[in-house]
Amino acid sequence: MALLIKLPILLPAVCFLVWWYLFARRSSSRTAVFKTAIVFGSAVVAVNEILSLFDALTRLSLTLFWGAAAAGSLFFLLRSVHPRECIRHIITQMRSWSRPRWNETFLAAAVLILVAFSGLTAALSPPNTYDAMVYHLPRIVYWIQHQNLDLYPTHELKQLHMAPGAEFLMLQLHLLFGSDRLLNLLQWGAMAGCLAGIWLIARRLGAGRVGAWLAVLFCISIPQGIIQATCPKSDYVMAFWLVAAICLALEFRDHPSLRNAALMGLSFGL
């Protein structure tokens with residue numbers, strides 16, 4: 001029974017994976033994860049705002065929305081893509097990866113160790129940082145209690161005037177999972193996304209594979225960054241949207257299109 005209560009958290013994950021595959025199939029697979037994240041983040045903001053208008057920001061309403069979105073996304077995928085084509089596309093992408101040299105393997109291993117240990121810390125530790133306790137998490141609890149995003153009486157004005165983008169994502173994590181135990185993972189996931197973006201940006205700016213891995217290692221070894229990746233704050237989430245915008249700007253430079261421009265604008269807005 002306890003496991004069934006947690007299952008709604010899988011619905012947005014299904015949407016994200018399907019949307020990622022559709023982006024990777026129709027455009028550059030290297031920037032597909034950023035395009036998917038931008039669309040996903042925009043959907044979260046829109047859903048929160050719309051449900052808030054009707055005082056319907058509840059677990060049931062979010063479950064129904066993401067359930068319908070997941071069903072619709074899977075139906076569209078099955079209608080437009082044959083399973084064999086999907087498997088063939090994934091295999092082709094994997095075969096396109098070149099075998100890394102020993103120095104690349106060493107740098108990648110160092111990065112993966114730091115990512116793994118920070119992820120383990122984020123997963124096992126409850127939210128406990130000062131800022132999280134003062135205004136990041138209390139505003140989420142108030143929103144859940146009131147079932148909307150309206151302002152409320154509080155002596156801590158940061159809960160009212162600080163940009164709420166990261167907390168919008170945490171709000172849905174909290175409601176769909178039923179507790180705050182996954183909230184640390186939002187920043188950790190944003191950190192992982194930043195690393196992927198930094199690797200791509202370095203490559204687009206002319207760095208070799210070793211240079212790109214050095215850039216990634218420099219990023220993940222920032223002490224404050226490691227702390228941020230294991231707590232429910234907003235710094236790495238903001239950094240991810242900035243990195244995503246830069247990746248889209250570089251792709252727009254090489255492949256100008258209205259879609260890339262719109263996604264870049266949405267990323268800056270997020």
Side-chain angles (χ1 to χ4, degrees), residues 9 12-13 15-17 19-20 23-24 27-48 111-112 114-119 121-123 127 129 131-132 136-137 140 162-174 176 182-205 212-213 215-252 259-270:
I9 197 64
C15 291
F16 190 95
L17 290 174
W19 298 350
W20 168 80
F23 270 118
S27 60
S28 172
S29 59
R30 291 187 175 185
T31 56
V33 66
F34 302 103
K35 295 175 180 178
T36 307
I38 292 168
V39 172
F40 186 87
S42 301
V44 167
V45 173
V47 170
N48 285 351
V111 170
L112 290 176
L114 291 172
V115 170
F117 275 105
S118 60
T121 303
T129 54
D131 283 354
H136 288 288
L137 299 190
I140 294 173
M162 297 296 284
E167 287 84 355
F168 278 6
L169 295 166
M170 293 183 202
L171 171 64
Q172 295 210 8
L173 271 177
H174 194 298
L176 292 174
L182 293 184
L183 300 190
N184 289 339
L185 294 177
L186 177 62
Q187 282 257 100
W188 178 78
M191 180 266 292
C194 284
L195 299 181
I198 286 169
W199 194 92
L200 180 60
I201 291 169
R203 293 287 287 163
R204 285 284 180 91
L205 295 180
W213 278 115
V216 172
L217 183 60
F218 177 83
C219 173
I220 196 175
S221 62
I222 298 173
Q224 178 69 4
I226 294 176
I227 296 174
Q228 290 287 339
T230 57
C231 67
K233 296 181 66 176
S234 57
D235 303 66
Y236 247 129
V237 177
M238 182 194 70
F240 174 78
W241 296 128
L242 180 59
V243 168
I246 295 173
C247 289
L248 267 296
L250 291 173
E251 180 163 337
F252 183 82
R259 181 173 63 179
N260 286 338
L263 288 170
M264 180 173 57
L266 284 173
S267 186
F268 276 122
L270 289 168

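For the numbers below, each heavy atom of this structure counts, side chains included, while hydrogens, waters and symmetry mates do not. The structure displayed is predicted, hence computed values, not measured ones.
Nearest heavy atom pair, residue Met191 against residue Ser118, reads CE-OG, 3.4 Å. Scanning both residues, Pro127 and Leu137, for their nearest heavy atoms gives CB-CD1, 3.5 Å. Shown here for Gly119 and Leu185, the closest heavy-atom pair between the two residues is O-CD2, 4.2 Å. Across all their heavy atoms, Cys247 and Ile201 have their closest contact at SG-CG1, 3.7 Å. Between Tyr236 and Cys194, the shortest heavy-atom distance links the atoms CD2-SG, 3.8 Å. Nearest approach of Thr129 to Pro232, heavy atoms of both residues: OG1-CD, 4.3 Å.
A donor-acceptor contact shorter than 3.5 Å is absent between the side chain of Trp241 and the backbone of Ile38. At distances below 3.5 Å, at least one donor-acceptor pair connects side-chain atoms of Thr121 with backbone N or O atoms of Phe117.
A distance of 11.0 Å separates CG in Leu195 from CZ in Phe240, rounded to the nearest 0.5 Å. Within the model, atoms CD1 of Ile222 and CG of Leu114 stand 12.0 Å from one another, a figure rounded to the nearest 0.5 Å. Gln172 contributes atom CD, which lies 8.5 Å from atom CD1 of Ile9 (distance to the nearest 0.5 angstrom). Summarising the geometry, atom CG belonging to Asn260 is positioned 7.5 Å from atom CZ belonging to Phe252; distances are rounded to the nearest 0.5 Å. In this structure, CG in Leu242 is found 4.5 Å from CD1 in Ile246, a value given to the nearest 0.5 Å. Taking CD of Glu251 as the start and CZ of Phe34 as the end, the distance is 11.0 Å to the nearest 0.5 Å.
Only one option out of Val33, Thr31, Val39 pairs with Phe23 in a side chain to side chain contact (heavy atoms under 4.5 Å, CB included); it is Val39.
Contact of the Leu176 side chain with the Pro12 side chain is registered, since non-hydrogen atoms from C-beta on lie closer than 4.5 Å. Under the 4.5 Å side-chain criterion, counting only non-hydrogen atoms from C-beta, Val111 is in contact with Leu217.
Every residue meeting the side chain to side chain donor-acceptor pair (under 3.5 Å) condition with Gln187, not counting sequence neighbours, appears here in chain and number order: Gln228.
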Under 3.5 Å, which donor-acceptor pairs link side chains of residues 163-171 to any protein atom two or more places apart or in another chain?
residue: Glu167; atom: OE2; partner: His136; partner atom: ND1; Å: 2.5
residue: Glu167; atom: OE2; partner: Arg139; partner atom: NH1; Å: 3.4

* **Residues Leu250, Leu205; criterion side-chain contact (heavy atoms from CB on, under 4.5 Å); working and verdict** => CA-CA 9 Å; Leu250 291 173; Leu205 295 180; 4.2 Å; yes
* Asked: Stepwise, does the side-chain contact (heavy atoms from CB on, under 4.5 Å) test hold for Asp235 with Met238?
  -> CA-CA 5 Å; Asp235 303 66; Met238 182 194 70; 5.7 Å; no
